[in-house]
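Everything on this sheet refers to the single structure shown next.
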Amino acid sequence: MRFRREQHLRRQGDFKAVREQGRRIDCGAYTIWYRVRDTVAPAPAEGAAAKPALFAPPPPNLVRVGFVASIAAVGPAVQRNRARRRLRAIVREHQLLIPPGTDLLVVARQAVNRWENRELTEKFIGACRKLPPAKGA
RNA sequence: UUUUGGGGCCUGGUCGUCGCUCCGAGUUCUUUGAUCCCAAGGCGCGGGUAAUGCCGCGCCCGACAGAGUUCGGAGAGGAAAGUCCGGACACCAUAGGGCAGGAUGCCGUGCAAGGUUCACGCCAAGCACGGGCACCGCGUUUCAAGGCGCGGUGACGGACAGUGUCACAGAGAAUAUACCGCCCUGCUUGGUGCCGCGAAAGCGGUACUUCGCAGGGUAAGGGUGAAAAGGUGGGGUAAGAGCCCACCGCGCCAGCGGCAACGCCGGCGGCAGGACAAACCCCUUCCGGUGCAAGGCAAAAUAGGCGGCUGGGUGGCCCGUCCAAUAGCCGCGGGUAUGCCGCAUCCUCCGUUGAUCGCGCGCUUCGGCGCACGCGCGGCGGAGGGCUGGUCCGUCGCAAGGCGGUCCCGAGAGAAAUGACGACCGAAUCCGGCGAAAGCCGGAGGAACAGAAUCCGGCUUACCGGCCCCAAAACCAU
RNA sequence: GGCGCGGUAGCCAAGUGGUAAGGCCGAGGUCUGCAAAACCUCUAUGCGCCGGUUCAAUUCCGGCCCGCGCCU
């Protein structure tokens, strides 16, 4: 299962939107925030739609995930990189469990590097069951 | 062999499944293919023109670029860290010089990212080796100071250029000082001896000693202090003192040695001299500022700016084709979000191509256009060389390793790739057994510090362990 | 990533080469019927850590650690 750069949450605005409008699931060593995107695009003026796709909204069914590992919660750079990579690998393998059109934010805590991979995976699968189904489905 | 110290080097391996980023090649899809600068398309039908590379529709073909996909290749460090120094690079400022501010600091040789020069050479954060000087430790020698040897440490210019500070303690602290003590003189208290007088008590004298006072000498000794104003030994003296002498230290002068720092030796001076410049400061040498969030290009929405046109009424006055504000439309330029470049090894040469510039010729509606050439610049391709990493070979070294040649390769992310998971081998360490010991066998255990962010060099800091060399000590064997 | 500032009792802090003010807090006392307020007294710190210079360092110099701010 692939997990390309387009599926990464990268904008400050996207992160703020998930944190302010989304909901939260506790997973022990990490926290998941989620927010179902409005499938109807903000719809700028008719003329703007014809512009080149610099600011095209993401495809409505795309699942996007952002990973957060702060220096205060996780530690120095090696710990942060490792936490981010492990969480990303888990999300990548089970991304089909996420309803399409959802933005996810995975926030690591200090314990994440002490947990076994199996525990982290079980928590993630459990959290995905609590996610609301996609709007159109 | 072990331990300690110093120096140099390395930073676990193999395989499987699933992934990320970049590069190359192939393949599929996507298309504004004449609005100067061009992707100089094709066919058919219809329309239009003085004419066309005119307009519309349909089908086919289609670079560049982008996206998907397949294959191949590459992908964290010795510190990537701290950001402490030096530089490249970029922008800003800049005639030259100075002030301020900051840094630098014994001498010689070599190395060094780089800078500068036509070149020689010079500068450079720092590093290595050798030397000088100072201090510390040990040994040795001397009566002692001191000398000599070995080892270590040193931000090691200047304290007669000037200013300043030296608390407390102490008598006295930088123009030194005189508390105790020591000595001399005078007076005085007591004691002892001797002499004289006296029967004796005693009186007088004198010598030594002693209590106290006054005057003076002294800087040996005590005590205080971080430091007490040359040191040690001897002579000398009432006691002492560079007062005198010897040695040492210090200052000045001359000679000799050394590339130099500096040293040696001789003479003179009885001694001027304290410490602090990581206090201000003086001298030497160097430094413009900001930093890739530098800087450059493209560029939306909203708001605002400027210009033009149109509209109506408002306000102003020197009453107009005026001025100001205002609404709508059109245009312009600037900034921002955002994206791209900077940014992925450098240099030289050759070829090709592109735009700018210069020059020449020609044409021109005087706006420019075309052709050819040229300096410099950019892209692509090729060749050569340097650097980094690796293979192989040679050579040097006791060795880790260094040097030279050869062939191959050259991380580039951007909420930030270089991985996730599993299996096996595996160092340290622990447990058990065997053994005199070294060690062997079995089990447990499962690898330090740590993640590029424009690049290069240095320094510092963190760190499991391993390998090699040197020195010292201890033990064992010969 | 780059640049800059700071660290002194439990808290806020002044300060300088010679053992560190002041305030809040705390403890005890006076006052009061009991409190508050007021007044008096007291306590603790060797100045983030490690080196160096100096007779002497919180201060000067160097290196670490921690905290904060600015530039997109």
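All chains are named by letter (A, B, ...) in the order of the sequence lines, taking the proteins before the strands, and each is independently numbered beginning at 1.
- In this structure, B:rU11 forms no base pair with any nucleotide, since neither Watson-Crick nor G-U wobble geometry is met with both distances under 3.5 Å.
- Nucleotides B:rA337 and B:rG376, compared at atom P, are 40 Å apart to the nearest Å.
- Neither side chain, A:Arg35 nor A:Thr102, offers a donor N or O lying under 3.5 Å from an acceptor on the other.
- Nearest-nucleotide positions on RNA chain B place A:Arg86 closer to the 5' end than the other of A:Arg86 and A:Asn81.
- Under the 90° criterion around 0 for the glycosidic angle, C:rU19 counts as syn.
- B:rC421 atom P lies 13 Å from atom CD of A:Glu119, rounded to whole Å.
- Atom name P, nucleotides B:rC323 and B:rG335: the rounded distance is 32 Å, in whole Å.
- Remark: A:His94 engages A:Ile90, A:Leu97, A:Thr121, A:Phe124, A:Ile125 in a side-chain contact (heavy atoms from CB on, under 4.5 Å) (not counting sequence neighbours).
- Here the separation of B:rU165 from B:rA227, taken at their C1' atoms, is 14 Å to the nearest Å.
- Here B:rA415 presents its C1' atom at 15 Å from NZ of A:Lys16, a figure rounded to the nearest Å.
- Comment: A:Arg109 engages A:Asp26 in a salt bridge, judged by a side-chain N to carboxylate O separation of less than 4.0 angstrom.
- When both distances must be under 3.5 Å, the Watson-Crick or G-U wobble mate of B:rC120 does not exist.
- Base pairing of B:rU284 is not made with any nucleotide, judged by Watson-Crick or G-U wobble geometry with both donor-acceptor distances under 3.5 Å.
- Put simply, A:Arg88 has a side-chain N or O that comes within less than 4.0 Å of OP1 or OP2 on B:rA416.
- Distances shown here put a side-chain N or O of A:His8 below 4.0 Å from the OP1 or OP2 atom of B:rA416.
- Counting heavy atoms from C-beta outward, A:Val74 and A:Asn113 have side chains that approach closer than 4.5 Å.
- Taking atom CG of residue A:Asn113 and atom P of nucleotide B:rA420, one finds them 10 Å apart after rounding to whole Å.
- Nucleotide B:rC57 forms a pair with B:rG44, judged by Watson-Crick or G-U wobble geometry with both contacts under 3.5 Å.
- Classification of B:rG231 as anti follows from a glycosidic angle more than 90° from 0.
- With a cut-off of 3.5 Å on both pairing distances, the Watson-Crick or G-U wobble partner of B:rC247 is B:rG231.
- Contacts between residues 72-80 of chain A and RNA chain B, counted as heavy-atom distances below 4.0 Å, involve A:Pro76, A:Ala77, A:Val78.
- Taking atom CD of residue A:Glu122 and atom P of nucleotide B:rC421, one finds them 15 Å apart after rounding to whole Å.
- Comparing the same atom, P, in B:rG126 and in B:rC84 gives a spacing of 15 Å after rounding to whole Å.
- In this structure, B:rA76 is classed as syn because its glycosidic torsion stays within 90° of zero.
- Rounded to a whole Å, the CD atom of A:Gln95 is 14 Å from the C1' atom of B:rA420.
- A distance cut-off of 5.5 Å between ring centres, combined with a plane angle under 30°, places A:Phe15 in a stacking arrangement with the base of B:rA415.
- Across all strands shown, B:rC265 forms no Watson-Crick or G-U wobble pair with both key distances under 3.5 Å.
- In this entry the base of B:rG78 is syn relative to its sugar, with a glycosidic angle within 90° of 0.
- Both tests do not hold together for A:Arg23 against A:Trp33: distance to the six-membered ring centre under 6.0 Å, angle to the ring axis within 45°.
- In this structure, the nucleotide among B:rC18, B:rC20, B:rA416 sitting nearest to the side chain of A:Arg4 is B:rC20.
- Annotation: B:rA417 and B:rG101 have their P atoms spaced 48 Å apart (nearest Å).
- Residues A:Ala89 and A:Arg11 each lie close to RNA chain B; by heavy-atom proximity, the contact nearer the 5' end of the strand is made by A:Arg11.
- Applying the side chain to side chain donor-acceptor pair (under 3.5 Å) rule to A:Gln95 yields the partners A:Gln7; only residues at least two apart in sequence or on another chain are considered.
- Atoms CZ (A:Arg10) and C1' (B:rA415) sit 8 Å apart, rounded to a whole Å.
- A:Asn117 has its CG atom 6 Å from the C1' atom of B:rC421, to the nearest Å.
- Across all strands shown, B:rA74 forms a Watson-Crick or G-U wobble pair, both distances under 3.5 Å, with B:rU21.
- A sub-4.0 Å separation between OP1 or OP2 of B:rA420 and a side-chain N or O of A:Arg82 is present.
- For the C1' atom pair drawn from B:rU21 and B:rG414, the interatomic distance equals 11 Å after rounding to whole Å.
- Going from the P atom of B:rC150 to that of B:rA125 covers 34 Å, rounded to whole Å.
- If you look at A:His8 and A:Phe67, their ring centroids are not closer than 6.0 Å.
- Between atom CZ of residue A:Arg92 and atom CG of residue A:Leu87 there is a gap of 13.0 Å, rounded to the nearest 0.5 Å.
- Taking atom C1' on both nucleotides, B:rG311 is separated from B:rU326 by 11 Å, rounded to a whole Å.
- Summarising the geometry, the separation between CD on A:Glu116 and P on B:rA420 is reported as 14 Å, rounded to the nearest angstrom.
- The two residues A:Cys27 and A:Ala127 make their nearest non-hydrogen contact at SG-CB, 3.8 Å.
- Taking a pair to require two hydrogen-bonding distances under 3.5 Å in either a Watson-Crick or a G-U wobble arrangement, B:rA450 remains unpaired.
- Nucleotide C:rG26 carries an anti base; the chi torsion (O4'-C1'-N9-C4 or O4'-C1'-N1-C2) is more than 90° from 0.
- The distance from the NZ atom of A:Lys123 to the OH atom of A:Tyr30 is 8.5 Å, given to the nearest 0.5 Å.
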